[in-house]
Amino acid sequence: MQVAVNVSARQLAEGSSFVELVEQTLARHSLSPASLLLEVTESALMEDAEAAVLVLADLKGLGVMIAIDDFGTGYSSLSYLQRFPVDHLKIDMSFVARLDQRTENDMIVRSVIELTRAVGIEAVAEGVETREQLAALRRLGCIFGQGFLWSRSLPPVDLETYVTTERPDTSHPFSLPRPIRSAATS
């Protein structure tokens with residue numbers, strides 16, 4: 001199981017003390033670093049891109065997974081995709097919501113998916129709420145998605161029961177980034 005946690009620009013700016021906090025938290029709870037996915041917004045990365053590269057490299061050194069959240073809503077240069085040590089790029093839900101409404105929107109989403117493949121990272125579609133969106137994402141080649149189609153946010157007390165229960169269809173699967181290809185079988 002992988003847990004996604006949002007990281008603020010302030011936390012990122014803490015530099016090595018934030019990396020130490022992550023390392024201590026993983027040790028305290030006996031968690032594998034690969035089970036932690038830290039999500040950093042594009043705008044947070046751009047506040048101090050040079051410092052962000054160093055912090056993300058240290059986090060990657062721990063074995064933590066990194067995702068860029070809200071991609072396409074900010075102003076970052078595409079060259080940063082090669083510089084930032086990230087594993088996932090999250091396609092903002094504003095793009096997913098408009099799938100099949102306009103052909104150029106589909107082309108943007110497809111381009112982002114192809115771009116992620118070219119730089120060796122995974123695309124994750126955010127805000128997947130309908131089976132039509134899921135079908136469009138599959139058609140465009142997106143492998144991972146998250147959204148209300150699978151589940152609303154769960155309180156921690158319900159999470160253990162939820163992830164240990166087999167959920168074969170889209171009415172109940174896990175809401176963290178999960179493979180789209182297995183998300184809907186019914």
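Heavy atoms only: backbone and side chains are in, while hydrogens, waters and symmetry mates are out. All residue numbers in this chain count up from 1 along the given sequence.
Side chain of Asp106 to backbone of Leu99: no donor-acceptor contact under 3.5 angstrom is found. No donor-acceptor pair closer than 3.5 Å links the side chain of Glu122 to the backbone N or O of Asp87.
Separating the CD1 atom in Ile108 from the CG atom in Leu115 is a distance of 13.0 Å, to the nearest 0.5 Å. With values rounded to the nearest 0.5 angstrom, His88 atom NE2 is found 9.0 Å from Ile121 atom CD1. For the atom pair CG of Leu137 and CD1 of Ile113, the computed distance is 6.5 Å after rounding to the nearest 0.5 Å. To the nearest 0.5 Å, atom CZ of residue Arg110 and atom CG of residue Leu140 are 4.5 Å apart.
Side chains of Leu31 and Leu36 form no contact here, defined as non-hydrogen atoms less than 4.5 Å apart.
Val40 and Met93 fall into different hydrophobic clusters, defined by Ile, Leu, Val, Met, Phe, Trp and Tyr side-chain heavy atoms under 4.5 Å apart, directly or through other members. Hydrophobic clustering (side-chain heavy atoms under 4.5 Å, transitive across Ile, Leu, Val, Met, Phe, Trp, Tyr) keeps Leu54 apart from Leu21.
Residue pairs meeting the salt bridge (charged side-chain N to carboxylate O under 4.0 Å, His left out) criterion with at least one member in residues 10-23, sequence neighbours excluded, are Arg10-Glu14.
Residues Gly15 and Val55 come closest through the heavy atom pair CA-CG2, 3.5 Å.
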Assess whether side-chain contact (heavy atoms from CB on, under 4.5 Å) is satisfied between Trp150 and Val128, documenting all intermediate values. CA-CA 8 Å; Trp150 293 285; Val128 182; 3.6 Å; yes

